[in-house]
Structures are given as C-alpha cells and as structure tokens.
*Asks:* 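I am attaching a structure below and will ask some questions about it afterwards.
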Amino acid sequence: MENSTLADILFKISTLLEMKEENPFKIKSYQKAAVNIENLPENVEEIYKKGGRPALEKLDGIGKGLSERIEDIIKTGRSSYLDKLRKDIPDGVTEMLNIQGVGPKLAMKLFRSLRIKTVEELLSAAKNGKLKKLEGIEDKKVFNIIKAVENYKNMNEKHFLGEALPYAETIVKQIEKNGLGTKALICGSLRRMKETIGDIDILATSEHPGDLMALFTSLPGIKEIAAKGKTKSSAIFDNGMNVDLRVVDEREFGSASHYFTGSKQHNIKIRKIAISKGLKVSEYGVFKGRKRIAGRTEEELFKALGMQYVPPELREDSGEIEAARKRALPALIDLKDIKGDLHMHSNHTDGTASIEEMAKAAKKLGYEYIAITDHSRSTKVAGGLNEKELLEQMGEIDRINKKISGFKILKGAEVDILKDGSLDFPDELLSKLDIVIASIHSGFSMTKDEMTKRIIKAMQNRFVSIIAHPTGRLIGRRMPYEIDIENVISEAARTGTVLELNSYPDRLDLKDIHCRMAKEKGVKISINTDSHNTNNLSYMKYGIGTARRGWLTKKDVINTLDLGELMDHLERP
DNA sequence: GCCGTTTTCGGCCCGACTGTTTTCAGTCG
C-alpha cells in the first residue's frame, strides 16, 4: 500500500472526527500522523511487515492507538474505524467542507437541521431561501455560499508547479513594475516547490499598501475579487487560480514570509521550539516578552531560535528542524550546479528542434554538454528510430560537434524496455553510444512483481546508464506503474544504475521522497528535462526544486559533473 | 491520541477576518 493512500485514510478520519466535535487534539494527532506518513520515504506497510506495531510506534506521531488503526488498514485494505464514522455522516456532507466559508460546524448544522447532504442541495437551499431559517445566517452569508459553490464547481482542483510558477512570477512582475511594491515574494507551497499547488500566495512590502491593493485587484485576467482589505486581498483569476496578496511592514518581512511559506506542520513545530526557549513566534516576528528580537529576515528568525537556516523546499516537518538544530542540513543542489542535460529529443523523432538548435540553446544556458536521446523503434507514436537511423544520427552528431566549440553533444538513445525486460536495441548497437537511457512506454498494466522484474532486468544490462521516469506517473492523469520502488532503488545501488529525476512538470519522476530514499541508499540521480523543444530546457528548475525537496546535494547528481568526470562515471566495466 | 532535558498527567501554535453579533464563534491560513 502506498503511503499516500494510508495518509489519505487518516486525513478522512480526522475530518470526520472534526465534524463530530471530538477532542481537537485527537483530531490533530490523526492529521499529524497523516502528514508524517505522507512525507516518509520508507513504505509504512514494509515497516510494519518488518517490525510489526512496535516499529510503527517508533515513527513520530504514532502511538498505541494509531498503530492499531494502521495495522487494521494494512491488513484489510480499509479502515473499520473510518467505515464506522462514515455511517453517521454522508460523504456529501464532508464534501461541503470544500466550500469556502463552510466548516465542520456549519456543515453539520446544515445536515442536522435541514437534512442537506450534498453540495447541490446546499446550492438550491441557498437559492430558495431555506438557509435563512438557520440562526446566524443572513443575506450576506447566503450570497457568499452561492458564490463559493459556483467557484467550487468550476475549480479544477490543483495546478501543476510548472503552470503556477510562471503565472505567479508574471503577477509579481506586475506588482513590482510601477514601484508600489518595493519587494514581493512568492510564498506558500509554490515557494516550497510542491509538485501541485492550490493557491498562489504573494507577500509584499509597500510604502502605499492601499494603492498596491487597488493595483492588484484590477490586474487583467481577474474574474472575481474574493476579499479586499487594507493588508490582504484575494482574487480568483480566469484560469481558476486563486491568488492572495498580503502586505506587511518591512521589519516583519522575514517572519511573515516564513509564516506564509509554511508548511503548517513546520510552523507549528517552530513555534513549539520558540515556546520551549521562552520566546514567541508569529508572522510579526520573534518576541521575547513584548520585545521583538527578530523578524526582518528569515535568516534572523532561524538564528534567534538557535537553528541553521532551513531552505523553503525542506520545510515539511520531515526532519529538517531537528537537522537544523544540530546544524546538519545538507547543502542543497542549486540550478547553477547543473552542467548539462542528459535526456532530450530532436526532430529526428517527436521533438521539434534540430540537434544543432538544441545544442546551441543548451550552450546558451551555460551548459557544457547535452545528450540527444531520441526514442527507439518500438515507440511508434513518437516516430522511434530504427538501427540504421540511429547510426546516421550518430554521424550527424559527430559533424555538429566539430562545428560547436567548448561544448559536447553525447550520442544517446531513450531505449524502450520491452515487456520481458529486454531492450529495444541489441547490445552491439548500445555499446556504440555514449549514454543509454532505458524507459517504459508501453505495457503499463502489469502486476507489481512483473513490472519490478522488468525494470530490474533492464538495469542489469551493463550498457544501461539511466532509467528514465522510473515510476511512469503523469501527475493528475496517470498513476505510477505498479512497481516496488524500494527494490528498484536497491538494485540501482547494486548495479550502479543512475535513476532519473524527470523535470517535465507533469512528471517530476522520481518524486521528492523517492529522491531522498535513493540518496540514502547511495544511488545517483540525473536531473533531466526530457525536452522536446528548446523552450523545454527551462524545465530544469522544476527538477531542481523537486531534488531540493528530496534533500539532494550537488554530489548526488551526475549532471553536475564536468564532462570528463561524467564520461568516467558513465564507463561501465 | 501523542508526548516528555522541568512532565507518565496535563498540556498540545498563533493571529486575522467575516458575519453576525453588542462580545463572539466559526473559518481560514
């Protein structure tokens, strides 16, 4: 069972407990356990299989009660406790919590007093005046609920990092353009580089907060203003993106950005540490009694708490706070460490740019090398190359390499891993290439066992350098293949195979926690863009963000090596 | 329901906004 599935069940339990007005701290325990499990690199089911409930109870936030619930879930595939809770509260009532302004109390009141049990029923009750029968609900609230339901209905859930980040950057530019916002910073899960994000949070300082709010709320593309105050405004843009802008004083900027960046669990733990030191942390600063002792910068805030600076991408309460207190955080990889890109396509297959155009674009980014890795013959939809075409392409690369100085194009291929784990090209041909990437493009619906064996067999081929997009997921569209990722990582460690972190915004595969797991087993990662045109090369920053979330350093990543070192690394005995 | 360099019992992060209210509960981040 995936950790995310398990975490999901625990989240659902916490929601239902909240609606039943259980002890708030019990509710928090379930939430905390869910978050911890979600961020855990090791598979909880495996932990349980190896060490039983005592092993579970060693995990942070899991005690006797929760280990029993988790055992039940692992053994039966469902939670009898959750099933019991759901009997009393229909799923539709829980769904109403997604409506802005409807929380657990109101949802239950609607259900108990008016028998409203779906979002649709809520909308019609709002429209036909039934809602006003409830105490404490007047016209304004009814109006807001109608608006919120409509927003909920045409909101398409989460947005890709690769979609949200450029959008947010454009808004920041517009805010800073006319000098009203002296400083603006993207915060929230976007700053933490999560693979999908809900809202965009922007923090700004300004000499003229009122004017800045007026500017923000009149930006092009705004569909609706959800709130507009002196220091905070919230707007919904026509692509469904919800953007919050907050303005704070310069001297609060650090503590405010830390607070608005989150994650929630990280903030809670930071505040607890503050309390244990006789301090108080809020978005307005770090306080000793009434005296502000830090807040202008985030560095200052962490220093005041006796900690190392924690980069935003690590702030998930997954060990970063403990490490920062011991000054043991890794020096995370940075975009500028990248010296080349080892996975891209040209117009010989499904790319749109020529090899030379790709090379020149990469050189312009400051890279020393790239690998051209077009598809192999079996990937028919992408126009995969046959042996003869690949040999011709290798000749072309030799010719282009002579033309471009101070830069090297490696001869590569993205070779299909066939259903039996063999490769789409014979070893004799693979041996002529500088780099071989192997990946799966068909036969997704195999059992976990078969799929794991298939990939492991490919890794055992001595010519295979990298496994590309190892889990095959497409975020929001396709689940990962059924594979035993821990086994795959162990085998990669044994064979010295590199695993890819594919930077394509809807892939980000390996994902953050798997990167961390690979690093711990000593497996090297290659962060590649899988570009199909020259613009795609810029996707590298999403891969870097994910790598940082996975605690990777420069030395964990092979395409930070210079060309000579890389060629040595790619040599197989 | 979890947790412990003051604790195995008594705590558990902090503050703003909204809509409804004359002092606050609910919601949100």
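On a predicted model such as this, the values are computed, not experimentally measured, just so you know. Letters A, B, ... mirror the listed sequences (proteins, then strands); counts begin at 1.
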*Asks:* Is the distance from OP1 or OP2 of B:dA16 to the nearest side-chain N or O of A:Y284 less than 4.0 Å?
*Replies:* yes
*Asks:* Can you say whether a donor on the side chain of A:N23 sits under 3.5 Å from an acceptor on the base of B:dG1, or the other way round?
*Replies:* yes
*Asks:* Tell me which residues in residues 66-77 of chain A lie within less than 4.0 Å of DNA chain B, going by non-hydrogen atoms.
*Replies:* A:L66, A:R69
*Asks:* Using a heavy-atom distance cut-off of less than 4.0 Å, which residues of residues 245-259 of chain A contact DNA chain B?
*Replies:* A:R246, A:Y259
*Asks:* Atom NZ of A:K109 and atom C1' of B:dT27: how far apart are they, to the nearest Å?
*Replies:* 14 Å
*Asks:* According to the ring pair (Phe, Tyr, Trp, His ring centres under 6.0 Å) rule, which pairs have a member within residues 22-77 of chain A, sequence neighbours left out?
*Replies:* none
*Asks:* Regarding A:I145, tell me which of base, sugar-phosphate or nothing describes its non-hydrogen contacts under 4.0 Å with the strands shown.
*Replies:* nothing
*Asks:* With respect to the phosphate group of B:dG29, does any side-chain polar atom (N or O) of A:K264 fall under 4.0 Å of OP1 or OP2?
*Replies:* no
*Asks:* How long is the line joining CD1 of A:I137 and P of B:dT21, in whole Å?
*Replies:* 11 Å
*Asks:* Look at the side-chain N and O atoms of A:K32 and state whether any lies under 4.0 Å from the OP1 or OP2 oxygen of B:dC12.
*Replies:* no
*Asks:* OP1, OP2 of B:dC14 versus side-chain N and O of A:N267: anything below 4.0 Å?
*Replies:* no
*Asks:* Write down the distance between CD (A:Q100) and P (B:dT27), rounded to a whole number of angstrom.
*Replies:* 12 Å
*Asks:* Between A:H159 and A:Y167, does the ring centre distance come in under 6.0 Å?
*Replies:* no
